[in-house]
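This one's a predicted model, so the numbers in the text were calculated from it and none came from an experiment. Just so it is clear: chains get the letters A, B, ... in the order the sequence lines come, proteins before strands, and each one is counted from 1.
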Amino acid sequence: MNPRYLPDEVERKAQADWERVDAYRAVEDARREKFYCLSMFPYPSGKLHMGHVRNYTIGDAIARYQRMRGFNVLQPMGWDAFGLPAENAAMANRVPPAAWTYDNIAYMKKQLKSLGFAIDWSRELATCKPDYYKWNQWFFLRMLEKGLAYKKTGVVNWDPVDQTVLANEQVIDGRGWRTGALIEKREIPMYYLRITAYAQELLDDLDKLTEWPERVRAMQANWIGKSVGVRFAFPYKLSASANQLPLSPRERDGVRDAAVAPPSNEREVEGREEKLWVFTTRADTIMGVTFCAVAAEHPLATHAARNNSALADFIDECKRGTVIEADLATMEKKGMPTGLSVTHPLTGESVPVWVGNYVLMGYGDGAVMGVPAHDERDFHFAKKYRLPIKQVIEVPGRPFSTDAWQEWYADKGNGRCIHSGKYDALGYIEAVDAIAAGLNAKGLGDKQVQWRLRDWGISRQRYWGCPIPVIHCATCGDVPVPDDQLPVILPEDCVPDGTGNPLAKRADFVNCLCPRCGKPAKRETDTMDTFVDSSWYYACFCGTDNATAMVDKRVDYWMPVDQYIGGIEHAILHLLYSRFWTKVMRDFGLVKYDEPFTRLLTQGMVLNDIYFRKPESGRIAYYNPADIDVTCDDKGNRVGAVLRADGQPVEWDGLGTMSKSKNNGVDPQQLIEQYGADTARFFVIFTSPPEHTLEWSDYGVEGSSRFLKRLWTFAHECKTFVDAKLSSASINWSEVSNEHKSARREIHLALKQANNDFARHQFNTVASAAMKILNTLERTPGASDMLGHHKIQLAGQTIVSEGLSILLRLLAPITPHVSHVLWQELGFGDDISRAPWPVHDEAALAQDVIEIVVQVNGKLRGKVSVPADASEERVREAALREESVVRHVAGKPVLKVIVVPGKLVNVVV
RNA sequence: GCCCGGGUGGCGAAAUUGGUAGACGCAAGGGACUUAAAAUCCCUUGGGGAGCAAUCCCCGUGCCGGUUCGAUUCCGGCCCCGGGCACCA
């Protein structure tokens, strides 16, 4: 055994041992309880970053811990391999995205292996491989058959120069990020998945996910956005000249394309009688309606604009705006009258219709009722355009005035209806019920649920993705690719040039024969959103070797995932899509569970200092923290920082996530090479609890490295006498010294705490417990002075042997290499990962004499030592005799003495 | 605006969920070893005050109040920070 800790050597040996016996191969075994531990798979961007290291270290610690506790653990790994960065890299380097992606996968796989993760690599998958994405296509076709996938036109950002669709984040100030061209909104046909059909279940089942972080559940509920209200209609008649009837907006939503029937109350047209449908959560204010507002895209707006050029211009202006919702929210509210009127469904009064730029076509029916008295936005709109404001809700003692908006105008909890005819004096709930009933009686509306969630548009006008398996035939229309022609293979040798989709230029891909009529036809060139790829990969891991089915019965053994670990940035989309996909798979009879991820851990981000200089002219320069020397005052406060290269000061800009743009990244590869994987792993576990952000610290890494060196050195010193056969059961602990007794007690106390913390995933304090144990062992008499004296007591040897065996097993999930090698070196066994998980010995915690804290009026005043079995009365006596207690009581009458057995006494005077 | 988290030393953080606040580590200061440095080891370290000293006292978990023998922990009100959603009707 080398007296020095050489991480390189240790890690090479441990990894070779694991490789030789294929240690992490997971095999289904009905007799054993399974544990499926999964970290979110990476996008193969080039090399691992610290976020990956943290994510996979946390996942690996859990996987190894559960393995040692006896579970049959599956921890697989794969690659989220389709996506835009590969196309960008391809343009920059003139290599096909496929080649770039496969190179990255090879390099990153090597890095993951060097970190020693207990991964079953036989199950590796990459979403860009046909044997994976074939099942995306197959499943899409099944959804198409069931009406869960459909086609409709959708609005996209269109770059007219590159002839390309851009993602929202590629549009900067309304211009394309590459071309600088003004971006147009363009409507093109796209495929959608009917996630809204599962909105209620996706919302309800959040209650089952009790092991998910509360905030993730809240974010999903928010996103799904259920509101309960009333959908009702304002009837109207078009003038005689209007012989073209507007369509109901619902029909534009693709409902007609689907296999489900459109809502029955949609298209009734009797003579020229039409209806303007709106949705409201405040039906109780319906008597206060003084106008209606419709979206620019609303058919009524289109109709009104035919003979009104000013209105047409206004509508064009609205349509030209951004599709980014965050920008919409801050836009100035504008409107213009259509000149049309509709009839109030209950009062029969005439209500003017306006076009409002704040009305969303995509929510509800693209039209709203305007109640200025009780909706803040309507109030300001009415003031701006001098529309009437009619109060219909009152709160006793609160005067209403149209001069300025007041918070209580929108209060639905304390309000009562007034000026509302037969609904007067009703509260919110009764009023909504009564008004909904009134509308229903006239066939003009009823209670309805409205969702914020929209159907999931999956078409991407991009090359590097899974082809959508549809063929466009001039005769037969859109024809699904037959199952026996799957997969539709994506050519891997295209090099995109930034203009349009390279697939569209590939005649060998585009030209095909119609499966239905056999005539020449064109293949769909859109590919699927990469979120489709990641929506079911976790299920695929259960049987990656099965080429004949999407999943097989092995999913029944492994799924659902017991522990999922990943970044909070996926709290909504990825997790929601995966939940949706699971429910559809279940309804198709492929799987039996309702939810894919039982427990979820969202790890925090990795931060580092940001240093910069702002020159008088030119751009800000950022400096890597590794090149900065920080000076501190006597108390350790940061007082200044200089760039090591030139000794000149730099400014500190706080902490931020590691990024290229701020030049504050730390390369994991360098870290591993300098300190070893175990140090890197120990540092990320020890420094912060998993859910918190992790602040990078080179000093902290040093500290972690120091601990592992100390561990190695200590193990080396003890190697001569450590013996797995030394049993604590053979020692009569009542006869050993107090020092030995308390040493063993500290070790078992730390173990107890560590087990508690492991169970609740507070791994940083598990690392602390390991450090405490080493501190105790180093101080244990008989261990540290053995080299000089050779008169080691049996008790000391036993404590050290037992303590090291506990310590190494506790550390095995965190620092597997050094634990594995020391376990062998000290003769505990061949494979620490098969050793039983350590459990504390309750007898070791027992004390003959215990220390009791004594308070006077709740303030700590002293301590007394009493026998562990002392009666309450004796403890009380001892406490009252304690000298500082006597001093603080100072003769005042003792009102009360509280005795907490085994803990404390509080004397109240 | 609505919904979630948070606020504890110079720093990362603990506190077995109402019972010794600051475990463990980092940084800092002092010391040992060394010709010297690195490495390693030992001691000190929340703030303030009294004492030659052993020691002792006061304050302290964002702020104000409440419950309690006792509150970082429970309740009410407020302030600040982070995150999510947001013309959603």
Chemist: Which nucleotide, if any, forms a Watson-Crick or G-U wobble pair with B:C24, using both distances under 3.5 Å?
Modeler: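 Matched B:C24 with B:G12 under the 3.5 Å cut-off.
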Chemist: Taking the six-membered ring of A:W223 as reference, does the NZ or CZ atom of A:R452 fall below 6.0 Å from its centre and within a 45° cone about the axis?
Modeler: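 Relative to the ring axis of A:W223, which defines the angle, A:R452 lies inside both limits.
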Chemist: Categorize A:F707 for me: base, sugar-phosphate, or nothing, with a 4.0 angstrom heavy-atom threshold over every strand shown.
Modeler: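 Here A:F707 touches no strand at all.
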Chemist: For B:U17, give the paired nucleotide (Watson-Crick: N1-N3 plus N6-O4 or O6-N4; G-U: N1-O2 and O6-N3; both under 3.5 Å), or none.
Modeler: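 Because no pair has both required distances under 3.5 Å, B:U17 counts as unpaired.
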Chemist: Using Watson-Crick or G-U wobble geometry with both distances below 3.5 Å, tell me the partner of B:G5, or none.
Modeler: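 Partner of B:G5: B:C81.
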Chemist: Give one of base, sugar-phosphate or nothing for A:V900, where a contact means two heavy atoms less than 4.0 Å apart.
Modeler: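 If one applies the 4.0 Å heavy-atom cut-off, A:V900 turns out to touch a base.
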Chemist: Under 4.0 Å between any heavy atoms, over every strand shown, what does A:H374 touch: base, sugar-phosphate, or nothing? Just pick one.
Modeler: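 Here A:H374 touches no strand at all.
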Chemist: Just checking A:P689: base, sugar-phosphate only, or nothing, at a heavy-atom cut-off of under 4.0 Å?
Modeler: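 A:P689: backbone/sugar contact only, no base atoms under 4.0 Å.
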Chemist: Answer yes or no: does atom CZ of A:R4 have more than 12 heavy-atom neighbours from other residues, nucleotides or ligands under 6.0 Å?
Modeler: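 No, not enclosed.
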Chemist: For A:Q753, report the nucleic acid contact type (base, sugar-phosphate, nothing); a contact means any heavy atom under 4.0 Å.
Modeler: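 The residue A:Q753 makes no contact with any strand.
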Chemist: Considering every strand and a 4.0 Å limit on heavy-atom distances, what is the contact class for A:N775: base, sugar-phosphate, or nothing?
Modeler: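 It contacts sugar-phosphate atoms only.
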Chemist: Whom does B:A50 pair with, Watson-Crick or G-U wobble, provided both distances fall under 3.5 Å?
Modeler: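 Checking every strand shown, B:A50 finds its partner in B:U55, with both distances under 3.5 Å.
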Chemist: How about A:T285 and A:Y428: does a side-chain donor come under 3.5 Å of a side-chain acceptor?
Modeler: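 A:T285 vs A:Y428: no donor-acceptor pair found between side chains.
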Chemist: Heavy atoms only, 4.0 Å cut-off, all strands: where does A:R887 land among base, sugar-phosphate and nothing?
Modeler: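 Sugar-phosphate contact only.
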Chemist: Classify A:E702 by what it touches in the nucleic acid, base, sugar-phosphate, or nothing, heavy-atom distance under 4.0 Å.
Modeler: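 Here A:E702 touches no strand at all.
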Chemist: Heavy atoms under 4.0 Å, any strand shown: does A:V371 hit a base, just sugar-phosphate, or nothing?
Modeler: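 Result for A:V371 = nothing.
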Chemist: Identify whether any heavy atom of A:K752 sits under 4.0 Å from a base atom; if not, whether one sits that close to sugar-phosphate; answer base, sugar-phosphate or nothing.
Modeler: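 Here A:K752 touches no strand at all.
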Chemist: Would you mind classifying the nucleic acid contact of A:R710 as base, sugar-phosphate or nothing, using non-hydrogen atoms under 4.0 angstrom?
Modeler: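 Since only primed, P, OP1 and OP2 atoms lie under 4.0 Å of A:R710, the category is sugar-phosphate.
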Chemist: Partner lookup for B:C41, please. Criteria are Watson-Crick or G-U wobble with both distances under 3.5 angstrom; report none if nothing qualifies.
Modeler: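 Partner of B:C41: B:G31.
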Chemist: Using a 4.0 Å heavy-atom cut-off across all strands, classify A:Y699 as base, sugar-phosphate, or nothing.
Modeler: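 Result for A:Y699 = sugar-phosphate.
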Chemist: Could you check whether A:N764 gets within reach of a base, just the sugar-phosphate, or nothing at all, counting any heavy atom under 4.0 Å?
Modeler: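 Since only primed, P, OP1 and OP2 atoms lie under 4.0 Å of A:N764, the category is sugar-phosphate.
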Chemist: Quickly, which of A:N608, A:L607, A:T657, A:V666 forms a side chain to side chain contact (heavy atoms under 4.5 Å, CB included) with A:M50? Name it, please.
Modeler: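 Looking at A:N608, A:L607, A:T657, A:V666, the match for A:M50 under the side chain to side chain contact (heavy atoms under 4.5 Å, CB included) is A:V666.
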